[in-house]
Amino acid sequence: TLSGANIDILGQISAPGGSVTMNAYNLSPSMVEELKNSTTPSTPTASGTRGVVTLGKDALINTAGLIVDDRLSAPDPFELPIAISGGQVNINAYSILLDDGSLIDVSGGVRVDPFGKRTYGNAGGISLIAGRDLNLPGVIGGELALNGRLRGIAGMGALGGSLSLQ
């Protein structure tokens, strides 16, 4: 889990079959606490420079399942964990910007057992929630820019990925 005012991913995050969560707050938690304790609380104006998660060009968040080849003729049988199901990616922010060339991949993988039988893993899920502050839902605005790619494919007999947008 990554949390902060802004999160910029310019490289790769890989967690096969795992979970990646990012939270970008438009208003600082200390400011929100002050507002909650105020005798005259009011809804503040959103900051134009905070609460943004950006996946840069060629950035990758990968929780896809592995390709596990356990045939005896494989170069390294029984070396990889059997993590063939795709994982989960959750991004919660005031604004989410997926640049052209970026990718979020939650696809299912496959295991080939010693006898050559293939078992496909289910794809995982992607949740992108934008347009409001995470602590004060009344602070609205922001944007969801999907210029990158979202992938959640699975092999025969397995379930494809899920997508939740808000």
Side-chain angles (χ1 to χ4, degrees), residues 1-26 29 49-135 137 142-166:
T1 299
L2 301 171
S3 296
N6 293 308
I7 300 171
D8 296 325
I9 305 298
L10 303 176
Q12 298 182 6
I13 296 174
S14 181
S19 177
V20 174
T21 299
M22 296 180 203
N23 301 307
Y25 299 91
N26 185 266
T49 60
R50 295 176 51 100
V52 181
V53 172
T54 303
L55 267 62
K57 180 182 182 300
D58 300 324
L60 170 64
I61 301 175
N62 185 2
T63 64
L66 297 173
I67 297 173
V68 180
D69 188 351
D70 286 337
R71 292 176 294 176
L72 299 178
S73 61
D76 296 307
F78 309 105
E79 291 291 318
L80 291 174
I82 304 175
I84 60 172
S85 290
Q88 183 73 29
V89 174
N90 304 299
I91 302 178
N92 308 293
Y94 185 72
S95 292
I96 300 172
L97 311 174
L98 304 184
D99 289 348
D100 186 37
S102 65
L103 172 63
I104 298 174
D105 191 352
V106 297
S107 297
V110 62
R111 176 183 184 233
V112 182
D113 74 11
F115 304 103
K117 180 183 176 208
R118 294 179 182 165
T119 303
Y120 294 97
N122 295 330
I126 299 171
S127 173
L128 305 175
I129 300 174
R132 61 175 177 79
D133 181 69
L134 304 183
N135 286 325
E143 66 178 298
L144 176 58
L146 297 176
N147 297 313
R149 294 175 295 148
L150 307 174
R151 182 183 300 153
I153 58 175
M156 189 180 327
L159 299 174
S162 65
L163 175 63
S164 175
L165 300 174
Q166 288 186 17

Could you grab the distance from atom CG of Leu144 to atom CG of Leu98, nearest 0.5 Å is fine? 7.0 Å
Restricting to non-hydrogen atoms, name the atom on [X] and the atom on [Y] that form the minimum distance, rounded to 0.1 Å.
X: Val53; Y: Ala24; value: CG2-CB, 3.7 Å
X: Gly121; Y: Ala158; value: O-CB, 3.5 Å
X: Ala59; Y: Ile9; value: CB-O, 3.3 Å
X: Pro16; Y: Ala83; value: O-CB, 4.2 Å

Which residue is it: Val106, Val89, Ile104? I am looking for the one with a side-chain contact (heavy atoms from CB on, under 4.5 Å) to Leu150. Ile104
Given Met22, which of Leu2, Ile96, Thr1 fulfils the side-chain contact (heavy atoms from CB on, under 4.5 Å) condition? Leu2
The criterion is side-chain contact (heavy atoms from CB on, under 4.5 Å); which residues satisfy it with [X], sequence neighbours excluded?
X: Arg132; answer: Ile129, Pro137, Ile140
X: Ala5; answer: Arg50
X: Ala123; answer: Ala154

Set of side chain to side chain donor-acceptor pair (under 3.5 Å) partners for [X], sequence neighbours left out:
X: Arg118; value: none
X: Ser73; value: none
X: Ser85; value: none
X: Asp70; value: Arg111

Just grab all the salt bridge (Lys or Arg N to Asp or Glu O under 4.0 Å) pairs involving residues 52-69, residues at least two apart or on different chains. Asp69-Arg71
Salt bridge (Lys or Arg N to Asp or Glu O under 4.0 Å): which pairs involve residues 91-110, sequence neighbours left out? Asp105-Arg151
Got Asp113 and Thr119 here, is their nearest side-chain heavy-atom distance under 4.5 Å? no
With heavy-atom distances below 4.5 Å as the criterion, would you say the side chains of Ile91 and Ile7 are in contact? no
Side chains of residues 159-166: which donor-acceptor partners sit under 3.5 Å, not counting sequence neighbours?
none

Do any pairs count as a side-chain hydrogen bond (donor to acceptor under 3.5 Å, both in side chains) and have a residue in residues 87-97, sequence neighbours left out, and if so which ones? Thr21-Asn90, Asn23-Asn92, Gln88-Asn90
